[in-house]
Colleague: 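For reference, the structure I am asking about is given below.
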2 protein chains.
Amino acid sequence: MDTIGSSTYKKIKRDIIFGELKPASKLKLDELKKNYPVSLSTIRETLNRLSSEGFVIAEEQRGFFVSPFSKEDLIEIANLRILLESYALNLSLKNGDTDWEGNLVAAHHKLSLIENKMDNKNKDIVESWKKYDWEFHLACIAACGSKNLISLHSNLFDRYLRYQIILLQFRGDEAIDEHNQIYNFSLKRDADSAIKFLKVHIEKGLEHALALFKEQT
Amino acid sequence: MDTIGSSTYKKIKRDIIFGELKPASKLKLDELKKNYPVSLSTIRETLNRLSSEGFVIAEEQRGFFVSPFSKEDLIEIANLRILLESYALNLSLKNGDTDWEGNLVAAHHKLSLIENKMDNKNKDIVESWKKYDWEFHLACIAACGSKNLISLHSNLFDRYLRYQIILLQFRGDEAIDEHNQIYNFSLKRDADSAIKFLKVHIEKGLEHALALFKEQT
DNA sequence: ATTAATCAATATTTCAAAAATAAATTATAA
DNA sequence: TTATAATTTATTTTTGAAATATTGATTAAT
């Protein structure tokens, strides 16, 4: 079971990542109260958490805003994700045991299933694809041995994902292939190659997003 | 000027870092209200922010606790700080302009002044040493060009500092020398050597803290 | 016409008090 | 002793209102 607080946290965070609350838009407390039927204090607690996590900007005495989009921000987040995820992947491939390997196989299998039936822009599927995509990347680095590293990475993953989802729904075959490469080299414990394709994976998504950046705003 | 919210945030965070609120201790809302004379909602907002930042643990329906100490946690944080600060330092040494260099010289000078008159365990001085130590490390990486990187690093710096301050007040001449090495190689734009001494700097502090770990709890 | 100052409207911030809900403790019965 | 029920305690959530700051519009002054 969830408390009201934690479930509205999840809802608002989700709505920011999926663009239902648009980048840079003002988060008026009264209006939020209509869409998320909880009390003001609960909403303020949620927004305070989200601002610590970079999804919301809190301007003193002026209220809350969804974090805006910018090229620079996107590039920074992509590079930080590469830095942390590469580091974690390297550790994970050194330490991963049988359980880790089993989970990775399962996560990759589930992701493959959904990626193959994804004929773009099906809203329902995008949301569950997000879930399996995340679980695959998490499974890769799960054996890195550092809870703090995983939690920092999780935050960057979500912030990167927000750009990906809002700017472009899904990148298609290219991304599927990259996932396969990361997967195969991970099972071989070939850290250098796995990291190489992880970088390609994130950088390709970055390029895609940057190209679309001006079109959408 | 500060809002009541942001100034209690600073106070509570400071008290956690300096150990006035002890690791793993329960943060009862009523008691906090006595020590920090603000309303319950303000306190809860603060604790929610601090829990997103890793200083506080929020257990659903069971309240808030100061994040506990553990060897594993300390090691993880030290390694993450090395990872992020090395990365940032490397970028900064590539990009730093005249202003950056001037600020670094100033920051190092101020730090030197205070480090030389630090005859250990003077409580007032520890607090301003923390400030100048932080400003020196920040000055080093200031030209890295990534706001997100600096803000992630700032969080890890504070969490690492909490262990350092609570476990050992000050490490003395050794640390001063390390600061000087980082400084000198930074001015020479010798990233490899600067990073090498940065690692030594953090790892020595880590060893020190780990050695003392059992004595204090 | 532009700038400054004033006033009203709007929104955020903060507080206080109480109802709802869950956890922890104690007392009771098997 | 164990399990269950009742009590106490603490957190979570809501409500409503007061204090404070910002915004926008109106008016006055340069």
Side-chain angles (χ1 to χ4, degrees), chain A residues 1-16 19-70 151 217, chain B residues 1-16 19-70 151 217:
Chain A
M1 257 300 159
D2 264 351
T3 61
I4 292 180
S6 71
S7 77
T8 57
Y9 164 79
K10 285 177 194 165
K11 275 182 208 154
I12 294 184
K13 182 174 167 185
R14 185 207 150 279
D15 289 348
I16 291 175
E20 261 125 69
L21 295 168
K22 298 211 180 83
S25 64
K26 174 116 212 244
L27 294 167
K28 286 198 185 171
L29 299 170
D30 284 339
E31 297 194 1
L32 286 177
K33 223 169 93 175
K34 288 170 195 161
N35 298 328
Y36 309 89
V38 295
S39 76
L40 220 132
S41 10
T42 305
I43 288 178
R44 284 185 58 86
E45 285 180 21
T46 301
L47 296 180
N48 273 298
R49 282 174 70 183
L50 290 171
S51 88
S52 279
E53 296 169 15
F55 297 101
V56 161
I57 304 291
E59 284 190 36
E60 216 132 277
Q61 312 283 21
R62 297 197 52 254
F64 300 91
F65 303 80
V66 178
S67 292
F69 270 8
S70 79
S151 110
T217 302
Chain B
M1 257 300 155
D2 264 350
T3 61
I4 292 179
S6 71
S7 77
T8 57
Y9 164 78
K10 286 178 193 163
K11 275 182 209 153
I12 294 183
K13 181 174 166 183
R14 185 206 152 279
D15 289 348
I16 290 176
E20 262 125 69
L21 295 168
K22 296 210 181 83
S25 65
K26 173 113 210 246
L27 293 167
K28 285 200 185 171
L29 298 171
D30 285 338
E31 297 193 2
L32 286 177
K33 222 169 95 173
K34 287 169 195 158
N35 298 328
Y36 310 89
V38 294
S39 76
L40 221 130
S41 13
T42 304
I43 289 178
R44 284 185 58 86
E45 285 180 22
T46 300
L47 296 181
N48 272 297
R49 284 174 68 181
L50 290 170
S51 88
S52 279
E53 296 169 15
F55 297 100
V56 161
I57 304 290
E59 284 190 35
E60 216 132 277
Q61 312 284 22
R62 297 198 51 256
F64 299 90
F65 304 79
V66 179
S67 293
F69 270 8
S70 79
S151 112
T217 302

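Fair warning: this is a prediction, and the values are worked out from it, not measured in the lab. Per chain, numbering begins at 1; letters A, B, ... match sequence-line order.
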Colleague: So which atom in A:Pro23 and which in A:Val66 form the shortest heavy-atom distance, rounded to 0.1 Å?
Modeller: CA-CG1, 3.8 Å
Colleague: On a heavy-atom basis, which atom in A:Ile43 and which in A:Tyr36 lie closest, and how many Å separate them?
Modeller: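 In this case the closest contact between A:Ile43 and A:Tyr36 is CD1-O, 4.2 Å.
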Colleague: What nitrogen or oxygen pairs link the protein and nucleotides 14-18 of chain D at under 3.5 Å?
Modeller:
from	atom 1	to	atom 2	distance (Å)
D:dT14	OP2	A:Ser39	N	2.7
D:dT14	OP2	A:Ser39	OG	2.9
D:dT14	OP2	A:Thr42	OG1	3.0

Colleague: Looking only at heavy atoms, which two atoms of A:Ala24 and A:Phe65 are closest? And how far apart?
Modeller: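 Where A:Ala24 meets A:Phe65 most closely, the heavy atoms are O-CD2, 4.1 Å.
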Colleague: Could you state the atom-to-atom distance from CD of B:Gln61 to C1' of D:dT11 in whole Å?
Modeller: 7 Å
Colleague: Expressed as a whole number of angstroms, how long is the span from A:Glu45:CD to C:dT14:C1'?
Modeller: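 Answer to the nearest Å: 14 Å.
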Colleague: Return the polar atom pairs (N/O with N/O) between nucleotides 9-11 of chain C and the protein under 3.5 Å, or none.
Modeller:
from	atom 1	to	atom 2	distance (Å)
C:dA11	OP1	A:Lys28	NZ	3.2

Colleague: Indicate yes or no: at least one non-hydrogen side-chain atom of B:Arg14 is less than 4.5 angstrom from one of B:Glu20.
Modeller: yes
Colleague: Roughly how many Å is it from OH in B:Tyr36 to P in C:dT14, rounded to a whole number?
Modeller: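 After rounding, the gap between these two atoms is 17 Å.
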Colleague: Would one find a side-chain N or O of A:Arg44 under 4.0 angstrom from OP1 or OP2 of C:dT13?
Modeller: yes
Colleague: If you take all heavy atoms of B:Gly5 and B:Thr42, which pair is closest and at what distance?
Modeller: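 Result for this residue pair: CA-CG2, 3.8 Å.
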Colleague: Quick one: closest heavy-atom pair of B:Phe64 and B:Val56, and the distance?
Modeller: CD2-CG1, 3.9 Å
Colleague: With side chains defined as the heavy atoms from C-beta onward, is the minimum distance between A:Asn48 and B:Ser52 less than 4.5 Å?
Modeller: no
Colleague: To the nearest angstrom, how far is A:Arg49 atom CZ from D:dT12 atom P?
Modeller: 11 Å
Colleague: Can you tell me how far apart CG (B:Leu27) and CD1 (B:Ile12) are? Round to the nearest 0.5 Å.
Modeller: 7.5 Å
Colleague: Rounded to whole angstrom units, what separation is found between the CG atom of B:Leu47 and the P atom of D:dA10?
Modeller: 16 Å
Colleague: Quick one: B:Glu31 CD to D:dT9 P, roughly how many Å, whole number?
Modeller: 14 Å
Colleague: Please report the distance, rounded to the nearest Å, between CD in A:Glu60 and C1' in D:dT20.
Modeller: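 Roughly 13 Å, once rounded to whole Å.
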Colleague: How close or far is atom P of C:dT14 from atom CD1 of A:Ile43, stated in whole angstroms?
Modeller: 17 Å
Colleague: Side chains of B:Thr46 and B:Lys13, heavy atoms from C-beta outward: is any pair under 4.5 Å?
Modeller: no
